[in-house]
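See structure below.
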Number of protein chains: 2
Amino acid sequence: MTELDSIVQNLESRGHRVTPARRAVVGAVLGRPGHFTVDDVLREEPGAGRATVFRTMRLLCDLGILCRVILEDGSLHYRLSQRGHHHHLVCVSCGSVRDMDDCVVDDLVRELSRQTEYDIEGHWLEFYGRCRRCRPSGEGQRQ
Amino acid sequence: MTELDSIVQNLESRGHRVTPARRAVVGAVLGRPGHFTVDDVLREEPGAGRATVFRTMRLLCDLGILCRVILEDGSLHYRLSQRGHHHHLVCVSCGSVRDMDDCVVDDLVRELSRQTEYDIEGHWLEFYGRCRRCRPSGEGQRQ
DNA sequence: GTCTCAGTGATACCAGGTATCATTAGGCCA
DNA sequence: TGGCCTAATGATACCTGGTATCACTGAGAC
């Protein structure tokens, strides 16, 4: 089964209709290795309406098929998501995004919760840097 | 010396002029305990032009007098900043914001950098929860 | 006093996103 | 198969948050 088929099945199993527009958006999304904006998808599928692409992207986010990535400049991008809650490591040079498997801040949240007496319900975390291919060799870590 | 005077001095010492519009924006900002939007300031100072308020807020951010806070819904707010790099713990119920003194993710960044071979240059982190006053008593932590 | 230029504010504009609504079409049922 | 219901579509207007432009103003240096 192709990835497209599996997403289509996911949509159907949750009671959403599978239409040509949705297939087109999913196809465009699957053809992109890194992160992308709604406009990228719109350019690739000029036939689809703006509102439809926005709606479909939001739906795919809600279903956990896509996830949002906020870049260092604050701009909102999307990318295919394999898991539930996770964090991103974004290469500011080539734009590649790496998922981090575990929720790396769980321990931190527990400790903070104890210290501050806050009931911590959520967090937002992104890391920015340069991947192995893009980092200047021999240079140390800066953060 | 009042807080307003100290900010005014900060502006002057960095070669920026101190104008009535800037005094008004700083005054409006100082009168707000939590986080606020540009629109909040605009409502409080209807005499000041939109562009001027945006410019002044950006200037205050650049100078480290204000800092940006992204809330859970993705909306951009501002708040007074006492320090350089730090993170926020935002109460989703009453809107109060608590700074975290140290860069709590330093260890995490070092470990991630080692694991992933990324040269990590920056990160974005916010926590959301309920402060002691707002958390339902007796209820456990949900994250 | 005057001169310079940073700052102002009105305005137009832009980008990204949502709301509305008539129309289309997927898919269920008789 | 046809009819029907309603989710989805797409054109469009609109909203929100922010920037660019530009003529004008006034702070402050001399």
Side-chain angles (χ1 to χ4, degrees), chain A residues 4-5 7-29 32 35-63 65-79, chain B residues 4-5 7-29 32 35-63 65-79:
Chain A
L4 193 143
D5 288 336
I7 292 175
V8 160
Q9 211 173 58
N10 194 334
L11 279 171
E12 275 177 334
S13 70
R14 305 211 207 179
H16 298 282
R17 289 184 186 168
V18 177
T19 63
R22 286 186 173 167
R23 270 183 187 278
V25 170
V26 171
V29 153
R32 301 187 160 272
H35 48 84
F36 44 82
T37 62
V38 172
D39 270 353
D40 291 334
V41 175
L42 268 169
R43 266 192 296 276
E44 190 152 323
E45 297 294 334
R50 228 163 79 87
T52 301
V53 172
F54 271 104
R55 271 188 297 241
T56 306
M57 301 279 274
R58 191 171 46 193
L59 176 66
L60 294 176
C61 280
D62 290 347
L63 295 180
I65 293 162
L66 293 184
C67 59
R68 291 168 223 272
V69 183
I70 295 184
L71 297 196
E72 244 179 332
D73 63 0
S75 62
L76 180 61
H77 287 229
Y78 295 84
R79 79 175 305 239
Chain B
L4 193 143
D5 289 335
I7 291 175
V8 160
Q9 210 173 59
N10 194 335
L11 278 171
E12 275 176 334
S13 71
R14 305 210 207 181
H16 299 282
R17 290 187 184 165
V18 177
T19 63
R22 284 185 176 169
R23 271 185 185 277
V25 170
V26 170
V29 153
R32 302 186 158 271
H35 48 84
F36 43 82
T37 62
V38 173
D39 270 352
D40 291 333
V41 176
L42 268 169
R43 266 192 296 275
E44 190 153 323
E45 298 294 334
R50 227 162 80 87
T52 301
V53 173
F54 271 104
R55 271 186 297 241
T56 307
M57 302 279 274
R58 191 170 48 193
L59 176 66
L60 294 176
C61 279
D62 290 348
L63 296 180
I65 294 163
L66 293 184
C67 60
R68 291 168 223 270
V69 184
I70 295 184
L71 297 197
E72 244 179 333
D73 63 0
S75 63
L76 180 62
H77 288 229
Y78 295 85
R79 79 174 304 237

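Hydrogens, waters and symmetry mates are skipped; everything else that's a heavy atom, side chains included, is used. From a predicted model like this one, the values you see are computed outputs, not experimental measurements. Letters A, B, ... mirror the listed sequences (proteins, then strands); counts begin at 1.
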Next item on the list: Answer yes or no: is there a side-chain heavy-atom contact under 4.5 Å between Phe36(B) and His77(B)?
Entry: no
Notebook entry, point to check: Does anyone know the first and last nucleotide of DNA chain D in reach of chain A, 5' to 3', at under 4.0 angstrom to a heavy atom?
Noted result: dT6(D) to dA11(D)
Note to self: Are the side chains of Asp62(A) and Arg58(A) in contact, using a 4.5 Å heavy-atom criterion?
What the structure shows: yes
Notebook entry, point to check: What residues form a side-chain hydrogen bond (donor to acceptor under 3.5 Å, both in side chains) with His16(B), not counting sequence neighbours?
Noted result: none
Margin query: Testing the basics here: between Val18(A) and Glu12(A), what is the closest heavy-atom pair and its distance to 0.1 Å?
Written below: CG2-CG, 3.4 Å
Item checked: Nearest-Å distance for atom pair CG/C1', residues Leu76(B) and dG16(C) -> 15 Å
Check: Quick one: on DNA chain D, does Ala21(A) or Thr37(B) contact a more 5' nucleotide (nearest heavy atom)?
Finding: Ala21(A)
Item checked: Exercise: identify the closest heavy-atom pair between Ala21(A) and Thr52(A) -> CB-CG2, 3.9 Å
Note to self: I'd like to check the side-chain contact (heavy atoms from CB on, under 4.5 Å) partners of Ala48(A); sequence neighbours left out, ordered by chain and number.
What the structure shows: Glu45(A), Val53(A)
Next item on the list: Compare every heavy atom of Gly27(A) with every heavy atom of Leu4(A), then report the nearest pair and how far apart it is.
Entry: CD1-CA, 4.0 Å
Note to self: Taking side-chain contact (heavy atoms from CB on, under 4.5 Å) as the definition, give me every residue that meets it alongside Phe54(B), ordered by chain and number, with sequence neighbours left out.
What the structure shows: Val38(B), Arg50(B)
Margin query: My understanding is that only residues two or more places apart in sequence, or in another chain, count here; which of them pass side-chain hydrogen bond (donor to acceptor under 3.5 Å, both in side chains) with Glu44(A)?
Written below: Arg32(A)
Notebook entry, point to check: Between Met57(A) and Leu66(A), what is the shortest heavy-atom contact and its length?
Noted result: SD-CD1, 3.9 Å
Item checked: Any residue of residues 42-53 of chain A with a heavy atom less than 4.0 Å from an atom of DNA chain C -> Arg50(A), Ala51(A)
Check: To the nearest 10 degrees, how far apart in direction are the end axes of the helix from dG1(C)-dC30(D) to dA30(C)-dT1(D), each fit to five base pairs?
Finding: 20°
Item checked: Those residues that, when tested against Arg43(A), pass side-chain contact (heavy atoms from CB on, under 4.5 Å) (two or more places apart) -> Asp39(A), Asp40(A)
Item checked: Side-chain donor or acceptor of Arg22(B) paired with backbone N/O of Arg17(B) under 3.5 Å -> yes
Checklist line | Contact pattern, 5' to 3', of nucleotides 21-30 of chain C - B, S or - by protein heavy atom under 4.0 Å | finding: -----B----
Notebook entry, point to check: Tell me, do Ile7(A) and Leu63(A) make a side-chain contact under 4.5 Å, heavy atoms counted?
Noted result: no
